[in-house]
Participant: 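Here it is, the structure, as structure tokens.
Computed over heavy atoms, backbone and side chain alike; hydrogens, waters and symmetry mates excluded.
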Amino acid sequence: MRSSDLASRAGITVRTLRHYHQIGLLAEPARSSNGYRDYDTHALVRVLRIRRLAALGFSLPQIAAILDGNDPPSDAVFDALDTEYAAQIEHLTRQRELLAHLRRYGAFPDLPPEIAAFHSVLRDSGLPAGAAATDRDHTLLLMHLIGPEGKDYLTSIYELLSRPDRASAVAAALTAWASLDGESTSDEIMHLADELIDLFLPVIAELAALTTGLADFPMARERIFQQHTTNYLTPAQQTVLDKVRAGLAHSADVAQRRPQHDAEGQQ
């Protein structure tokens, strides 16, 4: 048999057959008078054995040892292969559960799964598709930058924002935010900034316990996120963001000073 005949009968490609020769699993056959490789049925059987062992997951060194040995593989070899398959099954099971989770909430598959349920609530509460897409981009980047240690914190923020008594107001505010443009008036900007501050203050208060022990956001990562955010913002949106940051910082400063003031008043 020529190379093409053997490959066809064994269900492989000629390229794979040549690879077997290169790695030493299959010896070079004699060549016919015209220079072509001339295989016999023994070569076909060996290739079928190689295919069978490879399909079972044995490594190339293990395949070579089995082909040339007189004994079956040891229990340790089977145990290692079984452990590897068990890990693959566990991984695939988690992947299936993840797909089911995303499907359940109609979530985009590129959205962090921890956020899927809460993002779905905000969408169902009236968040426009464009605003939802922008928020999804921000969340994906922030989840990556904040790292595993901050994942639960960010998830808690979404959980609090999507609470039934808050989701509609959050969706309305984000909708107003998405519509800000060059024609937005200063009154609209100030009103929205105040509205966002009122929305976020109780969320921050409820998150206070979670901030303990949370590492500061590394400066380099913060710059990346700020640069990404700035690329999305209109001047009006940037103004609102600046006012919200200033308002939240002021409220935090007032809250920090209040216990000290109360203590001084009791003296």
Participant: In terms of side-chain geometry, is the basic nitrogen of Arg163 or Glu159 positioned less than 4.0 Å from the acidic oxygen of its partner?
Facilitator: no
Participant: Ignoring hydrogens and geometry, is there a side-chain-to-backbone donor-acceptor pair from Ser156 to Asp152 under 3.5 Å?
Facilitator: yes
Participant: Do side-chain atoms of Thr234 reach the backbone of Gln237 as a donor and acceptor pair under 3.5 angstrom?
Facilitator: yes
Participant: Is any NZ, NE, NH1 or NH2 atom of the basic residue among Glu97 and Arg104 found under 4.0 Å from an Asp or Glu carboxylate oxygen of the other?
Facilitator: no
Participant: Would you mind checking if Glu90 and Arg96 are paired as a salt bridge, meaning a charged N to carboxylate O distance below 4.0 Å?
Facilitator: no
Participant: Taking atom CG of Leu241 and atom CG of Leu196, what is their separation to the nearest 0.5 Å?
Facilitator: 9.5 Å
Participant: Give a yes or no on whether the backbone of Lys151 and the side-chain of Glu114 come within a donor-acceptor separation of less than 3.5 Å.
Facilitator: no
Participant: Show the nearest heavy-atom pair for residues Leu154 and Thr139, with the distance to one decimal.
Facilitator: CD2-O, 4.4 Å
Participant: Taking atom types as modelled, find out whether Asn34 and Ser32 have a side-chain donor-acceptor pair closer than 3.5 angstrom.
Facilitator: yes
Participant: Please walk me through it: do Asp68 and Arg46 pass salt bridge (Lys or Arg N to Asp or Glu O under 4.0 Å)?
Facilitator: CA-CA 10 Å; Asp68 298 328; Arg46 189 172 179 91; 3.1 Å; yes
Participant: Are the side chain of Asp5 and the backbone N or O of Ser8 linked by a donor-acceptor pair below 3.5 Å?
Facilitator: no
Participant: What I want to check is whether the side chains of Tyr158 and Asp135 have a donor and an acceptor closer together than 3.5 Å.
Facilitator: yes
Participant: Is the side chain of Ser184 donor-acceptor paired with the backbone N or O of Leu180 at a distance under 3.5 Å, no angle test?
Facilitator: no
Participant: Which heavy atom of Pro113 sits nearest a heavy atom of Leu102, and at what distance?
Facilitator: CA-CD2, 4.3 Å
Participant: For residues Ala7 and Thr13, report the shortest heavy-atom separation together with the two atoms involved.
Facilitator: CB-C, 3.8 Å
Participant: So which atom in Ala193 and which in Val244 form the shortest heavy-atom distance, rounded to 0.1 Å?
Facilitator: O-CG2, 3.8 Å
Participant: If you look at every heavy atom in Ala131 and Leu127, which pair is closest and at what distance?
Facilitator: CB-CD1, 3.8 Å
Participant: Donor-acceptor pair, distance only, cut-off 3.5 Å: does the side chain of Asp38 make one with the backbone of Pro29?
Facilitator: no
Participant: Met143 and Thr155: which non-hydrogen atoms are nearest, and at how many Å?
Facilitator: CE-OG1, 4.2 Å
Participant: Could you tell me whether a side-chain N or O of Arg123 sits under 3.5 Å from a main-chain N or O of Ala129, the two making a donor and an acceptor?
Facilitator: no
Participant: For the residue pair Arg2 and Tyr39, would you count it as a cation-pi contact if the rule is NZ or CZ under 6.0 angstrom from the ring centre and within 45 degrees of the ring axis?
Facilitator: no
